[in-house]
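Presented below is the structure to which this report refers.
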Protein chains: 2
Amino acid sequence: MAALKYSRQREAIIDFLQTRKDHPSADMVYMNVRKEFPNISLGTVYRNLTLLSDLGVILRLHLEDGVDHFDATTAPHFHFYCTQCKSVLDLDLEDSPSLVTSAQEQFAGKIQGHATYFYGLCDQCIHK
Amino acid sequence: MAALKYSRQREAIIDFLQTRKDHPSADMVYMNVRKEFPNISLGTVYRNLTLLSDLGVILRLHLEDGVDHFDATTAPHFHFYCTQCKSVLDLDLEDSPSLVTSAQEQFAGKIQGHATYFYGLCDQCIHK
DNA sequence: TTCCTTGCAAATCGTTTGCATAATG
DNA sequence: CATTATGCAAACGATTTGCAAGGAA
């Protein structure tokens, strides 16, 4: 029942997210979209991020740092979180359907998906 | 350099968590431990939960509902989150070192572990 | 004109923290 | 006695929300 109407701000938010692979926080989105829309408010950013993730257009990630992160790649994939530099990366494993399948075999409810993140040290943080 | 000292409140918090398999929030812990220590403060509950999860005695889970959940089972396992009733369950999958292993094969950094939760509808929510 | 969206600011809410006091080792 | 833990309340920070004005259908 949404009856969504177009807005340039929302488009800019989606566009920005699609250029990034590092899963920005709402504040990051805000600071960047502000270059194009200096008057955009943080509330508008949050409203759109919430709307878009409710619609499934983007993903909302809950990591360990207390701030939500957003991801324009909605195809199932895995994430890596560096405990040192706090960066977030995509991991492209082939294996994800079998994970859900094997979980489903042992679970009476209906599994619709999963959120998985690996944690540890990223390549850069190891070498310094 | 911790130099931990005993406290009855902390013990009660751990004891309570060990009796539960539903991964209570800090507020749940607070309400229950209050039966035994009516004057305990929410701050003390948070301080101990944070301390214990930093020490690795318990796990702190970041789910979709915006509140942190705590788990006294620290052995690697999976979680299920019901998107309808918001309950959290343990899933005992044949532990998959293969998950970390296969991820590690394709990743230059060092993977130390993973947090995985499945989401969907639990058995009870399907049948109503 | 109707209803969605925005900007702004205030409100929420989970969590953390400063401080004086109590308990532990 | 030295140090850690507690209770209380205030502070914090991320996110949400009410409202009046602006923009899309």
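Heavy atoms only: backbone and side chains are in, while hydrogens, waters and symmetry mates are out. Note that the structure is a prediction, hence the values are computed from the model and not measured. Chain letters run A, B, ... following the sequence lines, proteins first, then strands; residues in each count from 1.
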Determine the contact category for [X]: base if any of its heavy atoms lies under 4.0 Å from a base atom, sugar-phosphate if only primed atoms, P, OP1 or OP2 are that close, otherwise nothing.
| X | answer |
| --- | --- |
| A/T50 | sugar-phosphate |
| A/Y46 | base |
| B/L42 | base |
| B/D27 | nothing |
| B/R47 | base |
| A/R8 | nothing |

- Item | B/A3 side-chain proximity, nearest of C/dG7, D/dT15, D/dT4 |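 Looking only at side-chain atoms, B/A3 lies closest to D/dT4.
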
- Grab the two heavy atoms, one from B/I40 and one from B/Y30, that are nearest each other, plus how far apart they are.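 Looks like O-CE1, 3.3 Å.
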
- Euclidean distance, A/Y117 OH relative to B/H114 NE2, rounded to 0.5 Å: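 Between B/H114 NE2 and A/Y117 OH, I get 11.5 Å after rounding to 0.5 Å.
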
- Please determine if a side-chain N or O atom of A/S41 lies less than 4.0 Å away from the OP1 or OP2 oxygen of C/dC8.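 False: A/S41 side-chain N/O out of range (4.0 Å or more) of C/dC8 OP1/OP2.
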
- Does B/K5 make a side-chain donor-acceptor contact with the base of D/dT4, cut-off 3.5 Å?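 Not at all, since no donor on one side and acceptor on the other fall under 3.5 Å apart.
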
- Query: Taking B/T74 for the side chain and B/V57 for the main chain, is one N or O donor matched with an acceptor at less than 3.5 Å?
  - Reply: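 Not a single qualifying donor-acceptor pair exists.
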
- Message: Please tell me whether B/T50 and B/R60 have a donor and an acceptor in their side chains that are separated by less than 3.5 angstrom.
- Response: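 Judged by distance alone, the side chains do pair up.
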
